[in-house]
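Keep in mind that what you see is a predicted model, and the values were worked out from it rather than measured. Just so you know, ligand 1 is whichever comes first in the structure, and atom 1 is the first atom listed for that ligand.
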Amino acid sequence: MNSSVLKAADILRRGGLVAIPTETVYGLAADATCELAVRQIFAVKGRPSHHPLIVHLPDVASIRPWVAEFPPAAEKLAHAFWPGPLTLIFKKSDLASPVVTGEQNTVGIRVPRHALTLELLREVKTGLAAPSANRFGGVSPTTAQHVQKDLGALIPYILDGGPCLVGVESTIVDVSREVPAILRPGGVPQEDIERVLGHSVSLEKKPTSVRASGMLESHYAPKAGVLLVEENQVASVTQKCLHEGKKVAAWVEMSTALPSLVTRFDLPKNPLERARELYATLRLIDATGVDVIVTTLPKETGLDAAVRDRLQRAAAPRQDQ
Ligand code: TXA
Ligand code: MG
């Protein structure tokens, strides 16, 4: 057994918090059966207490005690995508505490695809409640160093599992209702979910009675403002920002022409890489202290749909401005 996993398990068993690696983003984990531990997550993140958390488990067999029913659509999706970047919303059992579920009658469950965290889950033999390990509303962490910077002073241990391979959060599918719906686009593309279910699935755009913090309009936001433009507007929009006296960075493909005063960050051509690099790039750009980040709006298909969603939320009007 890996000694870092043993250390993490020990802290979790005592009701402490540990940042854990997953294939999507790093999570801030607590024993989901210990309400005191779970409450600390909300305090450390600065997250409103009614926002539900995802419970992470090592395999499908360990999910049964957490859910009231396991519908056929869930069976299909679990079989196809777990371990992986998919969260399923089930009708909850009594084991899922209201502190974890935001007092809803449903619970979000995920089997992450990361060797260290799977080892940890098997060692602690409990579910781990874990939101992304960043301050509420900010950019999610995809390396242990990101977590260290945001929350290092507030948590006892970060289990370093290297950079996250997917880079955007899990796709959330609500299977607690008669017709499953996607609540958040993510690491499993909508097209793949539809192929497995054998029918089209709607993507819920607006927050409904279901409270999902990733569904707030402004979220995943860097300090700099974000402007989403068409490829052919990049040059004119960045020029205009410079005229207004702003410091500007652009996340654009190598071939895109830019005024010389704009700092360039390369936007990969491959959707997998765009997703993987999204949050690290937003953080890197923020560290340069620019006022504005200009980038192009990705397509609505495949993994780009998740990148598009996160950029739209990063660009949305902010409450504090
Ligand atoms: O990839 C991920 O999902 C990452 C890693 C750490 O697993 N986790 C993550 O957690 O993104 P968080 O808390 O930042 O976002 C989870 C989303 C929130 O929008 C939350 O409201 C929603 O899942 N959620 C959790 N339980 C829910 C429920 N019972 N009903 C509706 N939405 C739920
Ligand atoms: Mg989050």
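Against a heavy-atom cut-off of under 4.0 Å, Ser170 is close to the following atoms of ligand 1: 1 (O), 2 (C), 3 (O). Under a 4.0 Å criterion applied to the non-hydrogen atoms of His56, ligand 1 contributes the atoms 5 (C), 6 (C), 7 (O). Those atoms of ligand 1 that come under 4.0 Å of a heavy atom in Glu169, given as number and element, are 1 (O), 2 (C), 11 (O). Here is the list of ligand 1 atoms found below 4.0 Å of a heavy atom in Pro52: 20 (C), 21 (O), 24 (N), 25 (C), 26 (N), 27 (C), 28 (C), 33 (C). Near Thr24, meaning under 4.0 Å from any of its heavy atoms, are these atoms of ligand 1: 1 (O), 2 (C), 4 (C), 5 (C). Shown in contact with Thr106 at under 4.0 Å from a heavy atom are these atoms of ligand 1, numbered in order with element: 28 (C), 29 (N), 30 (N).
Distance check for Ser140 against the Mg ion (ligand 2): none of its N/O/S atoms falls below 2.8 Å.
In this structure, Arg64 is positioned above the aromatic face of Phe70, its NZ or CZ under 6.0 Å from the six-membered ring centre and within 45° of the axis. Cation-pi check for Arg313 over Tyr220 is not met; the charged atom does not lie both under 6.0 angstrom from the ring centroid and within 45 degrees of its normal.
When only interatomic distances are considered, the shortest N/O to N/O separation between Lys45 and ligand 1 does not fall below 3.5 Å. Remark: ligand 1 and Thr101 share no N or O pair separated by less than 3.5 Å (distance only, no angle test).
Closest heavy-atom approach to atom 8 (N) of ligand 1 within the set Ser176, Ala130, Ala133: this belongs to Ala130. With distances taken over non-hydrogen atoms, the option nearest atom 16 (C) of ligand 1 out of Val100, Ile54, Thr171 is Ile54. Among Pro141, Ala19, Gly27, the residue whose heavy atom sits closest to atom 6 (C) of ligand 1 is Gly27.
Not one N or O on the side chain of Arg264 forms a donor-acceptor pair closer than 3.5 Å with the backbone of Ala249. At distances below 3.5 Å, not a single donor-acceptor pair connects side-chain atoms of Asp266 with backbone N or O atoms of Pro268.
At a threshold of 4.0 Å, the pair Asp31-Arg13 does not count as salt-bridged, since none of the basic side-chain nitrogens sits closer than that to a carboxylate oxygen.
The salt bridge (charged side-chain N to carboxylate O under 4.0 Å, His left out) search around Lys246 returns Glu244, not counting sequence neighbours.
A side-chain donor from one of Arg184 and Ser170 sits under 3.5 Å from a side-chain acceptor of the other. In this model, a donor atom of one side chain and an acceptor atom of the other lie less than 3.5 Å apart for Thr24 and Arg110. The closest side-chain donor-acceptor pair between Glu169 and Ser132, if any, does not fall under 3.5 angstrom. Judged by distance alone, the side chains of Thr296 and Glu231 never bring a donor and an acceptor atom under 3.5 Å apart.
Residue contacts with ligand 1 do not include His51, since none of its heavy atoms lies under 4.0 Å from the ligand.
Neither the backbone nor the side chain of Lys92 comes within 4.0 Å of ligand 1, counting heavy atoms alone. With a 4.0 Å cut-off on non-hydrogen atoms, Ile172 touches ligand 1 through its side chain and not its backbone. With a 4.0 Å cut-off on non-hydrogen atoms, Arg47 touches ligand 1 through its side chain and not its backbone.
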